[in-house]
Structures are given as structure tokens and as C-alpha cells.
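As a basis for the values below, the full set of heavy atoms in this structure was taken, side chains included, without hydrogen atoms, waters or symmetry mates.
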Amino acid sequence: MNVDWNLFLDSFWPIVIGGLKGTIPLSLASFVIGLAIALLMALMRLSANRLVSFIARAYISVIRGTPLLVQLFVIFYGMPSIGVTLNPWPSAIIAFSLNVGGYAAEVIRAAILSVPRGQWEAGYTIGMSRATTLRRLILPQAARVAVPPLSNTFISLVKDTSLASLILVTELFRKAMEIAAFSQEFMLIYMEAALVYWVFCLVLSTGQSRLEGRLDRYVAH
């Protein structure tokens with residue numbers, strides 16, 4: 001294959017900028033909202049109330065048992081049929097947040113359960129309520145356990161945001177699709193998009209490793 005290096009160089013920064021202005025903000029917003037949903041679902045799963053626990057289990061089962069693309073299409077293309085019309089960006093954020101919430105909920109629940117029962121008892125002994133014990137003793141320790149899998153979830157989310165291009169969200173892959181359609185150099189541009197995704201994920205993986213290293217040192221001391 002003859003590589004058109006001029007096209008490669010000319011399209012590189014537009015694709016990168018598409019990632020910085022679209023992919024990364026979309027990933028961050030969805031991940032933060034998704035973590036809030038995940039924490040709520042994890043606490044509901046741990047609830048002694050069977051109805052509350054069942055609702056959380058049902059939500060997690062539906063999210064984990066259906067494709068992300070289907071969830072995205074239901075929100076963007078399906079919701080208008082019941083009178084709810086959303087723009088591409090809100091639709092994407094809602095879909096990705098709900099998806100993250102479903103997967104991260106089990107991570108957070110497992111992390112909370114990994115904290116020794118004695119930590120709860122210690123909190124009660126010094127007069128803390130259950131909510132205060134959870135906030136001040138349990139969650140900080142659970143966070144250390146949850147960091148690696150949650151970091152992997154975020155990195156996967158960065159790649160999954162490419163699906164947003166199918167509902168006209170302008171992000172990294174959508175920008176590559178536009179350039180490829182104009183230049184008709186599909187292989188070159190899509191390989192270039194793959195390269196940019198790889199660089200983004202490599203940077204995030206490096207940050208993840210450093211964060212885990214700092215947490216390990218903190219725990220060791």
C-alpha cells in the first residue's frame with residue numbers, strides 16, 4: 001500500500017483534536033456520572049431491603065446483558081417514539097453513564113465487601129453511624145481495591161465512545177470518518193484513528209500505573 005504521508009500528516013491533528021474536544025470530555029463526563037450511579041447501585045445491592053436490592057440487581061443485569069450499541073440507539077432513536085427527544089451529546093452521555101454504572105457497581109460492591117468486618121465494628125465502637133462509618137472508614141479503603149478495575153473501565157470507555165459517532169457526536173472516530181469520506185483513503189485514515197486511540201490509552205495506562213504505585217506506597221506506610 002502506498003502511503004500518502006501528506007494526507008496522514010494533514011489529518012493527524014484534526015483527529016487528535018477531535019479526541020481532545022470530543023472523546024476525552026465525553027469519557028470524563030460519562031465516567032463521573034457513571035461512578036455516582038455505580039455507588040448508588042452498589043449500596044442498593046448491599047441493602048437488607050429485598051426490594052431495593054432486587055431493583056439494583058435488575059438494573060445491573062439489564063445493562064450487563066445488553067450491547068452498549070443497543071442501549072445507545074434505544075436512547076437516541078427509540079426515546080423520540082415516546083415523546084422524549086435528546087440531542088446527540090446528552091444521549092451519548094446518558095447511555096455511557098448508565099453502562100458504566102452497571103459494570104462499575106459490581107466492582108464497587110466487591111471492593112466494599114473486601115474491607116474487613118472489623119472496620120465496621122470499629123466505627124460503631126467509637127460512636128459513628130453506619131453512614132459515617134461507610135464514608136470515613138469503608139469507602140477510602142474500598143477505593144484502593146477498586147482503582148485498578150475502575151481504571152480499566154475508564155480506558156475501555158474511551159474506546160467505546162467511538163460508538164457515539166453513529167449518532168452524529170463529533171469525536172475522534174467521527175472526525176476520522178469525515179476525513180476518510182472526503183479523501184476516500186479509508187484504510188489510511190482508520191489506521192491513523194486506531195493509532196491515536198492507542199496513544200490515548202497508552203497515556204491513560206501509564207497514569208493508572210503511577211496512581212496504583214502511589215496508593216501502594218501510601219498503604220505500605
Check whether [X] and [Y] end up in the same hydrophobic cluster, where Ile, Leu, Val, Met, Phe, Trp and Tyr are linked by side-chain heavy atoms less than 4.5 Å apart.
X: Phe182; Y: Met191; value: no
X: Leu204; Y: Val199; value: yes
X: Leu28; Y: Leu163; value: yes
X: Ile94; Y: Val74; value: no
X: Leu195; Y: Tyr190; value: yes

Tell me the closest heavy-atom pair linking [X] and [Y], and the distance in Å.
X: Met79; Y: Ile75; result: CG-O, 3.0 Å
X: Pro140; Y: Leu134; result: CD-O, 4.2 Å
X: Ala193; Y: Phe173; result: CB-CD1, 4.4 Å
X: Ala92; Y: Leu72; result: CA-CD1, 3.8 Å
X: Ile108; Y: Leu39; result: CD1-N, 3.8 Å
X: Ala142; Y: Val115; result: N-CG2, 3.9 Å

Tell me the side chain to side chain donor-acceptor pair (under 3.5 Å) pairs involving [range], sequence neighbours left out?
range: residues 165-183; value: Glu171-Tyr197
range: residues 31-54; value: Ser53-Arg57
range: residues 97-109; value: Gln71-Asn99, Glu106-Arg109
range: residues 8-29; value: Ser11-Glu192

Exercise for the section: Check step by step if side-chain hydrogen bond (donor to acceptor under 3.5 Å, both in side chains) holds for Ser129 and Thr132. Expected result: CA-CA 5 Å; Ser129 65; Thr132 302; 3.0 Å; yes
Just verifying a value: how many Å separate [X] [atom1] and [Y] [atom2], rounded to the nearest 0.5 Å?
X: Leu211; Y: Leu150; atom1: CG; atom2: CG; value: 10.5 Å
X: Ile189; Y: Gln184; atom1: CD1; atom2: CD; value: 11.0 Å
X: Thr161; Y: Ile24; atom1: OG1; atom2: CD1; value: 7.5 Å
X: Ile15; Y: Leu20; atom1: CD1; atom2: CG; value: 12.0 Å
X: Asn152; Y: Leu157; atom1: CG; atom2: CG; value: 12.5 Å
X: Leu98; Y: Ile93; atom1: CG; atom2: CD1; value: 11.5 Å

Practice task
Can you run down the ring pair (Phe, Tyr, Trp, His ring centres under 6.0 Å) pairs that involve residues 26-84, sequence neighbours left out, and say none if there aren't any?
Solution key: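 Qualifying pairs: Phe31-Phe154, Phe73-Tyr77.
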Exercise for the section: Answer with yes or no whether the side chains of Ser156 and Thr153 bring together a donor and an acceptor at under 3.5 Å. Expected result: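 Looking only at side-chain atoms, Ser156 and Thr153 do not form any donor-acceptor pair under 3.5 Å.
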Problem - Check against side chain to side chain contact (heavy atoms under 4.5 Å, CB included), Leu137 and Trp120 - result: CA-CA 8 Å; Leu137 291 182; Trp120 288 96; over 6 Å; no
Problem - Arg136 atom CZ, over 12 foreign heavy atoms within 6.0 Å - result: no
Exercise for the section: Go through the steps to decide whether Ile155 and Phe200 satisfy the test side chain to side chain contact (heavy atoms under 4.5 Å, CB included), and finish with yes or no. Expected result: CA-CA 9 Å; Ile155 292 173; Phe200 278 10; over 6 Å; no
Exercise for the section: Indicate yes or no: at least one non-hydrogen side-chain atom of Ile112 is less than 4.5 angstrom from one of Ile138. Expected result: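 With C-beta onward as the side chain, the pair touches.
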Exercise for the section: List in chain and number order the residues that pass side-chain hydrogen bond (donor to acceptor under 3.5 Å, both in side chains) with Thr125, two or more places apart in sequence or in another chain; answer none if no residue qualifies. Expected result: none
Practice task
For the pair Trp5 and Phe8, name the ring-plane relationship: parallel under 30°, tilted 30 to 60°, perpendicular over 60°.
Solution key: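 The arrangement is perpendicular - the two ring planes meet at more than 60°.
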Practice task
Under the side chain to side chain contact (heavy atoms under 4.5 Å, CB included) rule, what do Ser162 and Leu172 come out as? Steps first, then yes or no, please.
Solution key: CA-CA 7 Å; Ser162 60; Leu172 191 158; over 6 Å; no
